[in-house]
Chemist: 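Handing you this structure, nothing more for now.
Convention: sequence-line order gives letters A, B, ...; per-chain numbering from 1. Heavy atoms only: backbone and side chains are in, while hydrogens, waters and symmetry mates are out.
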Amino acid sequence: MNWFHWLANPARFMRFAARLQPWIMALGLLTGAAGLYFGLFASPADYQQGETVRIMYVHVPSAWMAMFIYVVMAAAAGSFLIWKHPLADVAAQAAAPVGAGFTLMALITGALWGQPMWGTWWVWDARLTSVLILFFLYLGYIALVNAFDDPERGSKAGAILLLVGVVNIPIIKFSVDWWNTLHQPASVARMDGPSVDPSMLLPLLLMAGAFKLYFLYLLIVRMRGELTARRIRLLRLSDIA
Amino acid sequence: MKSFLVLVRRDLSLALRQGSDAAMALMFFVIVVTLFPLGVGPEPGVLERISSGIVWVAALLAAMLSLDRLFQADYDDGSLELMLLTPVPLELLVLAKCLAHWLTTGLPMLLIAPLLGIFMNMHTDAFPVLLASMALGTPVLSLLGGVGAALVLGARRAGTLVALLVLPLTIPLLIFGVSAVEAAVTGQSAKAQLLILGAMLMACLPLAPWATAAALRQAAG
C-alpha cells in the first residue's frame, strides 16, 4: 500500500509518469508489432473460419480491455470514495473514453466477424447485449461527470455510478456460460487450460499485452494532461485574485 | 419505523394533492402505447406479437419521466438536508420515498396494464403473468430510478441525464419481463422468468437504497 500513497502526490506522480512513459511506449510498440506479425502472417488460418479468424486477435483483446478498464475505473472510484485518493478520480475520468473506445471496437470487430460467420451483423444474445450495456455505462459515466458546474460533484456522482455499474461485469463474463447463446464460450481462461491452439494463442496474448500497454500509455498521457490543465486553471484563478 | 410511515404518508399526500405529476406519467404510459397501433398498423396479429414488449417499454419510459420528482423538490427546498440530519438511517428514508414513488406511479401503471393489453389484442391468458411480471418489475424501476435521481441532483438537464443513466441498468428487467409474458402467450410456464424478476427485486431492495443514500449524501454535503 506504501507506493499507493507515495504516488498520491500529483507532482511526484507527474515526475514518475514522465520517466515511465517512453518505456511503456517502446514495450507496447514491440509487443504490438510482434502480435501483428504472428497474427497476420505467422499463424495458420482456421480450418472452418478461414482468414476471418484473424479478426479475433483484435476483437478478443478489445473485449478483455473493455471489461478490464471498467474494473480499473471502478477500483479507482472505490479508492476515491474511501481514501479520497486525489489521483484516483483523475485516473477514472482519464480511462473512461479509452474504455468506451475499446468497447466500441469490440462491438464493431464482432459485427465484422459475425457477418460472414453467423450470417448477421448483430444478434440480441446475452453477451452482445451486455457488452452494449457496458458501452452505454461508459457514455453515461462521461455524461454524468460533465453535467455539473462543480467538478467535485461530478467526480463523486460518477464514482458512485461506476460502483453501481460493476454488477454488469460478472454478467458479461458469465453470460456465455449461463445462457445458451450464439457467442462461443470462454476458450482461453478455463480451468482445464486454454482450448486454443498455441499457434493462435501466442498472437492473441501478444495483442492483449500490447493493448494493455497502449491503455497504460494513454492513461498516463491523459492524466498528465488533466493535471496540467488543473494547474493552469489554478494559475489563472490566482491571476484574477 | 414510525418515521418510515410518516415519510410515506407525506410523499403520498404531496403526490395526491398536486395530482397532476403522477397522473401525467400514467397518461404518458397510455399515450405511448396507443401510438403503436397507429404507427405499425392495426393488424391484430402484429399487435398481439409485440404487445408485451410495448407495454414494458412504455412502462420504462413513463417511469423515467416521473423520476425527477423523487428527490428534486426535497433538494430544492432543503427538506433533504433535514432528512440527512435526522437520526433515522438515510437508507430507510430512501426506501420510504421509493415506496411512495412506486405507489403513485408503478401501481397505477400496473392496474391500467390489462386495459392496454386489451388495446393491443394481448391474449387474456397472459394477463396474470403480465400483472405478476409488472408487480415484480415496477418496484425495481423505482429503486434503480432512485439511484439515478439522486446522482443527477443539481446537474444540468437532469431529466435527460437520468434516463441515460438508468435505462441501461433496466435492460435485464425488460428482457425477463417481456420473455415472461411471451412464455405465457405461447402457453409455456413463465415461472423461471418470474423467479429471476423476483431475484432482481430482492437484490435491489437492500442494495439500491444504499447507493442512493451515498449519492444523496454527496449531493447535500
Chemist: For residues B/P168 and A/F136, report the shortest heavy-atom separation together with the two atoms involved.
Modeler: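 Distance-wise, the nearest heavy atoms are CG-CB, 3.7 Å.
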Chemist: Has B/R157 got more than 12 heavy atoms of other residues, nucleotides or ligands less than 6.0 Å from its CZ?
Modeler: no
Chemist: Counting only heavy atoms closer than 4.5 Å, note whether B/L153 contacts chain A via side chain, backbone, both or neither.
Modeler: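 For B/L153, the contact with chain A is made by backbone and side chain together.
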Chemist: Using non-hydrogen atoms only, which part of B/A219 is less than 4.5 Å away from chain A: side chain, backbone, both, or neither?
Modeler: both
Chemist: State whether the number of non-hydrogen atoms from other residues, nucleotides or ligands found under 6.0 Å of B/R49 atom CZ is greater than 12.
Modeler: no
Chemist: Nearest 0.5 Å please: distance from the CD1 atom of B/I171 over to the CG atom of A/N168.
Modeler: 9.0 Å
Chemist: Could you look at A/D150 and say if it's the side chain, the backbone, both or neither that has a heavy atom under 4.5 Å from chain B?
Modeler: neither
Chemist: Around atom OH of A/Y214, are there more than 12 heavy atoms from other residues, nucleotides or ligands closer than 6.0 Å?
Modeler: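 No - once you tally the heavy atoms of other residues, nucleotides and ligands closer than 6.0 Å, there are 12 at most.
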Chemist: Considering only heavy atoms and a distance below 4.5 Å, find which of B/G154, B/G148, B/A211 pairs most often with chain A.
Modeler: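 Most heavy-atom pairs within the cutoff with chain A belong to B/G154.
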Chemist: Counting only heavy atoms from other residues, nucleotides and ligands, does the tally under 6.0 Å from CZ of B/R10 exceed 12?
Modeler: yes
Chemist: With respect to chain B, which residue among A/G158, A/A157, A/G165, A/A159 yields the maximal number of heavy-atom pairs within a distance under 4.5 Å?
Modeler: A/A157
Chemist: Sort out for me which of A/V164, A/D149, A/L139 touches chain B most, counting heavy-atom pairs under 4.5 Å.
Modeler: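 Most pairs with chain B among the choices: A/D149.
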Chemist: Please give me the minimum heavy-atom distance between A/L144 and B/L151, naming the atom from each residue.
Modeler: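 A/L144 and B/L151 have their closest heavy atoms at CD1-O, 4.1 Å.
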Chemist: Contact part of B/L161 toward chain A, heavy-atom cut-off under 4.5 Å: side chain, backbone, both or neither?
Modeler: side chain
Chemist: How far apart are the closest heavy atoms of B/P172 and A/I133, and which atoms are they?
Modeler: CD-CD1, 4.4 Å
Chemist: Keeping B/R156 on the side-chain end and A/N146 on the backbone end, is there a donor-acceptor pair under 3.5 Å?
Modeler: yes
Chemist: Less than 4.5 Å to any heavy atom of chain A: does that hold for the side chain of B/V147, its backbone, both, or neither?
Modeler: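 It is the side chain, since no backbone atom gets that close.
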Chemist: Atom CG of B/L169 and atom CG of A/L137: how far apart are they, to the nearest 0.5 Å?
Modeler: 5.5 Å
Chemist: To the closest 0.5 Å, what do you measure between CG (B/L207) and CG (A/L163)?
Modeler: 12.0 Å
Chemist: Side chain, backbone, both or neither: which part of A/S130 has a non-hydrogen atom closer than 4.5 Å to chain B?
Modeler: neither
